[in-house]
S.K.: 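Can you read through this structure? Questions will come right after.
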There are 2 protein chains.
Amino acid sequence: MRSYGQYCSLARALDLVGDRWTLLIVRELGVRGPSRYTDLRHGLPGIATNMLADRLREMEENGIVARVEAPPPIATTLFELTRRGQELMPVLFALGRWGAPLMGEQGEDEFRSHWLKYPLERLFADAAPDEPPVTLELRTGDEPIVVTTVDGEVRAHPGTAEHPDAVISGDPDVVIGVLRGSVDLRTAKRQGVRIDGDADALARVRPKAG
Amino acid sequence: MRSYGQYCSLARALDLVGDRWTLLIVRELGVRGPSRYTDLRHGLPGIATNMLADRLREMEENGIVARVEAPPPIATTLFELTRRGQELMPVLFALGRWGAPLMGEQGEDEFRSHWLKYPLERLFADAAPDEPPVTLELRTGDEPIVVTTVDGEVRAHPGTAEHPDAVISGDPDVVIGVLRGSVDLRTAKRQGVRIDGDADALARVRPKAG
DNA sequence: CAGCATCCGCTTTGATACTG
DNA sequence: CAGTATCAAAGCGGATGCTG
């Protein structure tokens, strides 16, 4: 990208990360950790392969991303955030929080379930932190997600749970609506959401105030 | 801009504010308050006039900016941030803080002194909050800035002070370097910085920890 | 002068095909 | 798997012209 040519820290930041796709690549590396090129492509639906290659090269030059050669048995190139890249997380959180009210209907948009990790962990909390912890499994999008309560907070990771307290499956927007409390259970079920197990466990994961 | 087509709050936020120039327009409206088209152009050196008109229209459609007809004697159109637009401030602050380490030399970059308002107020504090407050005047860039200490914090506004404790003038990068403590007074003076008044008052404005 | 709209050349982006 | 090559389309920057 062309530099803005302004002696201003915001403008200089945007000179480095204001390009199309750049912050979404940071999101992928932040959520997934060190990743292969192909996995990045999967997490960035819509990106052209040359775009991804170009951006990764620029971000490497700018000290945001590092390329590491994984030793056997992986034997492939991994991309990871540098320290400077990780320092972009507060920017992503601020932007993501600002965008939360825009998450109405999914419409035609693509969805990857690992995108839920940071929103769940930062925007949600355990409604009953003194009760024994609970484990939920979300089945929406391309892979299941395990959600657990820990010390009043919420943790989320891709994978399946051995003995979840509840399993919720359905379309992403409705599942998110149920967790946010903007869609009641009756409406959700009419829209194809299914809940197996203890519905009270589900109510433990609630949006934080503010 | 083309939508990313991703059901993710970060991607949806970038659909609205990820375009080139958009966040810098938010900066201008945030720092200056309701502004005329011409004043926005002055604060956004390098923008093409059709770009500014296009962006303002898009931002209005997206509920970030509102157009108000100022009554006489101003009798002109003013652009201002909506509430939703003001809610972007945490995003600007996060990006600006991330960009702070990039503020080395000014080089060929343009500079407008009102850009200093938020960095001064958010990244600096009063080093001796129990002492009587002080007033500084910065003469760098296109217009002077008055910096005052209030309740341990720092306030900055365009204008001149009646009886400033100190006046510091010189090139923006060196003046900023002195305030940040990354350039000592001897070096600064060799680079053309001049300090009139009480140099101790100047030392009251210090970068916050973190 | 304030507030745009138009035109034009250049750069960036996107879709697809192809390669070690 | 991890890219490169190619080409069309869209976006951007600069100059200029128009309207109250």
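Chain letters run A, B, ... following the sequence lines, proteins first and then strands; every chain starts at 1.
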S.K.: Is it possible for you to check whether A/R84 lies under 6.0 Å from the centre of the six-membered ring of B/W98, through NZ or CZ, and within 45° of that ring's axis?
M.R.: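 Output yes; distance and angle both within limits.
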S.K.: Could you give the distance from CE (A/M1) to CG (A/D19), rounded to the nearest 0.5 Å?
M.R.: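 CG of A/D19 is found 4.0 Å from CE of A/M1.
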S.K.: Reckon B/T38 has a side-chain N or O less than 4.0 Å from the OP1 or OP2 of C/dA2?
M.R.: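 True: B/T38 side-chain N/O within range (under 4.0 Å) of C/dA2 OP1/OP2.
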S.K.: Could you check how far CG of A/D39 sits from P of D/dG3, rounded to whole Å?
M.R.: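 About 13 Å, once rounded to whole Å.
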S.K.: In whole angstrom, give the distance that lies between atom CD1 of B/I47 and atom P of C/dG3.
M.R.: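 In whole Å, C/dG3 P lies 14 Å from B/I47 CD1.
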S.K.: Does a salt bridge link B/K208 with B/E153, judged by any charged N lying under 4.0 Å from a carboxylate O?
M.R.: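 Looking at B/K208 and B/E153, the cut-off is met.
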S.K.: Measure from CG on A/D54 to P on C/dT12 and round the result to the nearest Å.
M.R.: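 From A/D54 CG to C/dT12 P: 10 Å.
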S.K.: Between protein and nucleic acid, restricted to nucleotides 6-8 of chain D and to nitrogen or oxygen atoms under 3.5 Å apart, what atom pairs and distances do you find?
M.R.:
residue, atom, partner, partner atom, Å
D/dT6, O4, A/N50, ND2, 3.3

S.K.: Using only side-chain N and O atoms of B/T76, determine if any of them is under 4.0 Å from OP1 or OP2 of C/dG3.
M.R.: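 Result: yes.
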S.K.: Check A/A100 against A/L123 and note the closest heavy-atom contact, atom names and distance.
M.R.: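 Looks like CB-CD2, 4.4 Å.
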S.K.: Taking atom CZ of A/R57 and atom CG of A/L52, what is their separation to the nearest 0.5 Å?
M.R.: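 If I round to the nearest 0.5 Å, the distance is 10.5 Å.
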S.K.: Whole-Å distance between D/dC1 P and A/F79 CZ?
M.R.: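 Distance check: A/F79 CZ to D/dC1 P gives 14 Å.
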S.K.: How long is the line joining CE of B/M51 and C1' of C/dT12, in whole Å?
M.R.: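 It works out to 13 Å between those atoms.
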S.K.: At under 4.0 Å, does any side-chain N or O of B/R55 touch on OP1 or OP2 of D/dC12?
M.R.: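 The answer is yes; a side-chain N or O of B/R55 sits under 4.0 Å from OP1 or OP2.
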S.K.: How long is the straight-line distance from CG of A/L120 back to CG of A/L136, given to the nearest 0.5 Å?
M.R.: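 One gets 9.5 Å once the value is rounded to the nearest 0.5 Å.
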S.K.: Using heavy atoms to find the nearest nucleotide of DNA chain D for A/R2 and B/M1 separately, return the residue whose nucleotide is more 5′.
M.R.: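 Result of the comparison: B/M1.
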S.K.: Looking at A/Y4, I'd like to know if the NZ or CZ of B/R20 sits under 6.0 Å from its six-membered ring centre while staying within 45 degrees of the ring's axis.
M.R.: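 Yes, a cation-pi geometry holds between B/R20 and A/Y4.
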S.K.: Quick one: does A/T49 reach the base of D/dG3 with a side-chain donor-acceptor pair under 3.5 Å?
M.R.: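 Answer yes: a donor N or O sits under 3.5 Å from an acceptor.
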S.K.: Just say parallel, tilted or perpendicular for the rings of B/F79 and B/Y37, cut-offs at 30° and 60°.
M.R.: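 It falls in the tilted class, 30° to 60°.
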S.K.: Look at B/R67 and C/dC4 and indicate whether a side-chain polar atom (N or O) is within less than 4.0 Å of OP1 or OP2.
M.R.: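 Yes, because at least one side-chain N or O of B/R67 sits under 4.0 Å from OP1 or OP2 of C/dC4.
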S.K.: What is the distance, rounded to the nearest whole Å, between atom CG of B/L40 and atom P of C/dC4?
M.R.: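 Rounding to the nearest Å, CG of B/L40 and P of C/dC4 are 10 Å apart.
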S.K.: Is a salt bridge present between A/D165 and A/R204, judged by a nitrogen-to-oxygen distance below 4.0 Å?
M.R.: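 Here A/D165 does not pair with A/R204 in a salt bridge, since their nearest N and O are not under 4.0 Å apart.
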S.K.: Classify the nucleic acid contact of A/A48 as base, sugar-phosphate or nothing, counting any heavy atom under 4.0 Å across all strands shown.
M.R.: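 Base contact - A/A48 has a heavy atom under 4.0 Å of at least one base atom.
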S.K.: Take atom CD in B/E143; do more than 12 heavy atoms of anything else shown fall under 6.0 Å from it?
M.R.: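 Atom CD in B/E143 is crowded, with more than 12 foreign heavy atoms closer than 6.0 Å.
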S.K.: When all nucleic acid strands are considered with a 4.0 Å heavy-atom cut-off, which category describes A/R57: base, sugar-phosphate, or nothing?
M.R.: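 Answer is sugar-phosphate: A/R57 comes under 4.0 Å of backbone atoms only.
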S.K.: Output the rounded distance in Å from CG (A/L56) to P (C/dT13).
M.R.: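 Computing the A/L56:CG to C/dT13:P distance gives 14 Å.
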S.K.: Atom CG in A/L10, atom CE in B/M103: separation rounded to 0.5 Å?
M.R.: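 Here the interatomic distance stands at 10.0 Å.
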S.K.: Got a sec? Which of residues 12-37 of chain A come in under 4.0 Å of DNA chain C, heavy atoms?
M.R.: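 Contacting residues: A/D19, A/R20, A/W21.
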S.K.: Check the distance between C/dA5's P and B/R41's CZ and give it to me in whole angstrom.
M.R.: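 Rounded to whole Å, this separation is 13 Å.
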S.K.: Measure the angle between the two terminal helix axes of the helix from C/dC1-D/dG20 to C/dG20-D/dC1, five base pairs each, and quote it to 10°.
M.R.: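 Computed angle between terminal axes is 30°.
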S.K.: On a heavy-atom basis, which atom in B/H114 and which in B/V31 lie closest, and how many Å separate them?
M.R.: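 Heavy atoms only, the tightest pair is O-CG1, 3.2 Å.
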